[in-house]
**Student:** 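Before anything else, here's the structure in question.
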Number of protein chains: 2
Amino acid sequence: MESEPTSSQAGTPYERTCTIRGDGGRAIRAVLDRVADKWTLLVVATLASGRMRFTELHRHVPGVSQRMLSLTLRNLERDGLATRTAYAEVPPRVEYDLTPMGRSLIAPALTLASWAIENNTDIEMSRAAYDARTP
Amino acid sequence: MESEPTSSQAGTPYERTCTIRGDGGRAIRAVLDRVADKWTLLVVATLASGRMRFTELHRHVPGVSQRMLSLTLRNLERDGLATRTAYAEVPPRVEYDLTPMGRSLIAPALTLASWAIENNTDIEMSRAAYDARTP
DNA sequence: CAGCATCCTGAAAGATACTG
DNA sequence: CAGTATCTTTCAGGATGCTG
């Protein structure tokens, strides 16, 4: 990782004003590296309604491939955000569920999602306008 | 042996329980496509303390290349999250600032960042444990 | 100073096929 | 059912050099 030359600019007190990157952005990096891929938040959001098995998940998360779902779930399990329970039955049954930590991610994600919903139109329009005046 | 009949899905009323993906994930997709790249949130966070010019920004966002900073800023401007003001001087001076909409993104981002800070250690440990038992 | 133009790479993700 | 195994594509992002 990178050492922090935060002292480069002693005169700027903005680190105190905005804790979002008080550590040089390491926190943001961490959370983004964790959840900013294409499927993680979607899977977490789907699991938010309760435990679910693989195929169910596959149906409920539109567009995800088996491969990506599999990878995403494994990472969630690895990070301690979801549990995987395999039942020794035939046919096999595997159920996924959020851990308390996984569930604690829902609220922050929801905040962001709400922001997205509220501002989506404005952003869309801003883009269109920008593209229109920029050939 | 049938275990308990996982009462998870009765039809699918979970869309009401969890607005995070009530639209099939389009909102999440939208916001992630917007801010989940490597630099956007960091730049927004940096601009949160006030308007800044290019080189200043370049110094304050550790690790960013000129190219990526330039691209990030252009996208922020395009999305209506930041403004770009060029002064007709020599040498040139260009200042960037957040728009109200851009500023409104800070709080949600902060929520997520806080979650990251709070849970980072647990996740790290979970990972280590997972990797240890998975050769 | 504030950038754009190029070239290049690795990692993420999609498509498809196969299995315990 | 619940996944792997491969192969291929894509493209974000880094490195470098040049300019108004």
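Note on naming: letters A, B, ... go to the chains in the order of the sequence lines (proteins, then strands), and numbering restarts at 1 for each one.
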**Student:** Between P on C:dA13 and CG on A:Leu42, what's the gap in Å once rounded to a whole number?
**Tutor:** 12 Å

**Student:** Please tell me which of the listed nucleotides, C:dG14, D:dA2, C:dA2, lies nearest to the side chain of A:Met68?
**Tutor:**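 Ranking C:dG14, D:dA2, C:dA2 by closest atom to the A:Met68 side chain puts C:dG14 first.
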
**Student:** If you look at every heavy atom in A:Ala36 and B:Leu32, which pair is closest and at what distance?
**Tutor:** CA-CD2, 4.4 Å

**Student:** Out of C:dG20, C:dA13, D:dG17, which nucleotide sits closest to the side chain of B:Gln66?
**Tutor:**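 The closest nucleotide is D:dG17.
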
**Student:** If you assign each of B:Tyr96 and A:Trp39 to its closest nucleotide in DNA chain C, which residue comes earlier from the 5' end?
**Tutor:**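 The 5'-side residue here is B:Tyr96.
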
**Student:** Mind listing the closest non-hydrogen atom pair of A:Ala109 and A:Leu41 along with its distance?
**Tutor:** CB-CD2, 3.9 Å

**Student:** Expressed in angstrom and rounded to an integer, what is the separation of B:Leu69 atom CG from D:dA15 atom P?
**Tutor:**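 Rounded to the whole Å, the gap is 15 Å.
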
**Student:** At less than 3.5 Å, do the side-chain atoms of A:Arg67 and the base atoms of D:dG3 form a donor-acceptor pair?
**Tutor:** no

**Student:** Round to a whole Å and report the spacing from NE2 of A:His58 to C1' of D:dG3.
**Tutor:** 11 Å

**Student:** Could you state the CG-P distance from A:Leu73 to D:dC1, rounded to the nearest angstrom?
**Tutor:**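 About 16 Å, once rounded to whole Å.
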
**Student:** Rounded to whole angstrom units, what separation is found between the CZ atom of A:Arg74 and the P atom of C:dA12?
**Tutor:** 14 Å

**Student:** Would you say CZ of B:Arg26 has more than 12 non-hydrogen atoms from neighbouring residues, nucleotides or ligands within 6.0 angstrom?
**Tutor:**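 Open.
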
**Student:** Specify the separation, in whole Å, of atom CD of B:Glu89 and atom P of C:dG3.
**Tutor:**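 Interatomic distance, CD of B:Glu89 to P of C:dG3: 14 Å.
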
**Student:** Nearest to the B:Arg84 side chain among C:dA2, D:dG13, D:dA2, which nucleotide is it?
**Tutor:**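 Nearest to the side-chain atoms of B:Arg84, counting from C-beta on, is C:dA2.
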
**Student:** Measuring from the side chain of A:Ser70 (C-beta onward, heavy atoms only), which nucleotide among C:dA2, D:dG3, C:dG20 has the closest atom?
**Tutor:** D:dG3

**Student:** Name the nucleic acid region contacted by B:Tyr87, choosing base, sugar-phosphate or nothing; use a 4.0 angstrom heavy-atom cut-off, strictly under.
**Tutor:** nothing

**Student:** Of all heavy-atom pairs between A:Leu42 and B:Arg21, which one has the smallest distance, and what is that distance?
**Tutor:** O-CD, 4.2 Å

**Student:** Which nucleotide, D:dC1, C:dC4, C:dA13, lies nearest any side-chain atom of A:Lys38?
**Tutor:**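 For A:Lys38, the side-chain atoms sit closest to C:dA13.
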
**Student:** Can a donor-acceptor pair be found, under 3.5 Å and without considering hydrogens, that links the side chain of B:Ser49 to the backbone of B:Thr46?
**Tutor:** yes

**Student:** NA contact type, A:Thr55, heavy-atom cut-off 4.0 Å: base, sugar-phosphate, or nothing?
**Tutor:** sugar-phosphate

**Student:** Measure the distance from CG on A:Leu71 to C1' on D:dG3 and round it to the nearest whole Å.
**Tutor:** 11 Å

**Student:** Would you mind telling me which of C:dA13, C:dG3, D:dC1 lies closest to the side-chain atoms of A:Asp37?
**Tutor:**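 Side chain of A:Asp37 sits closest to C:dA13.
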
**Student:** Can you tell me how far P of D:dA2 sits from CZ of A:Arg59, to the nearest Å?
**Tutor:**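 Value for this atom pair: 9 Å.
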
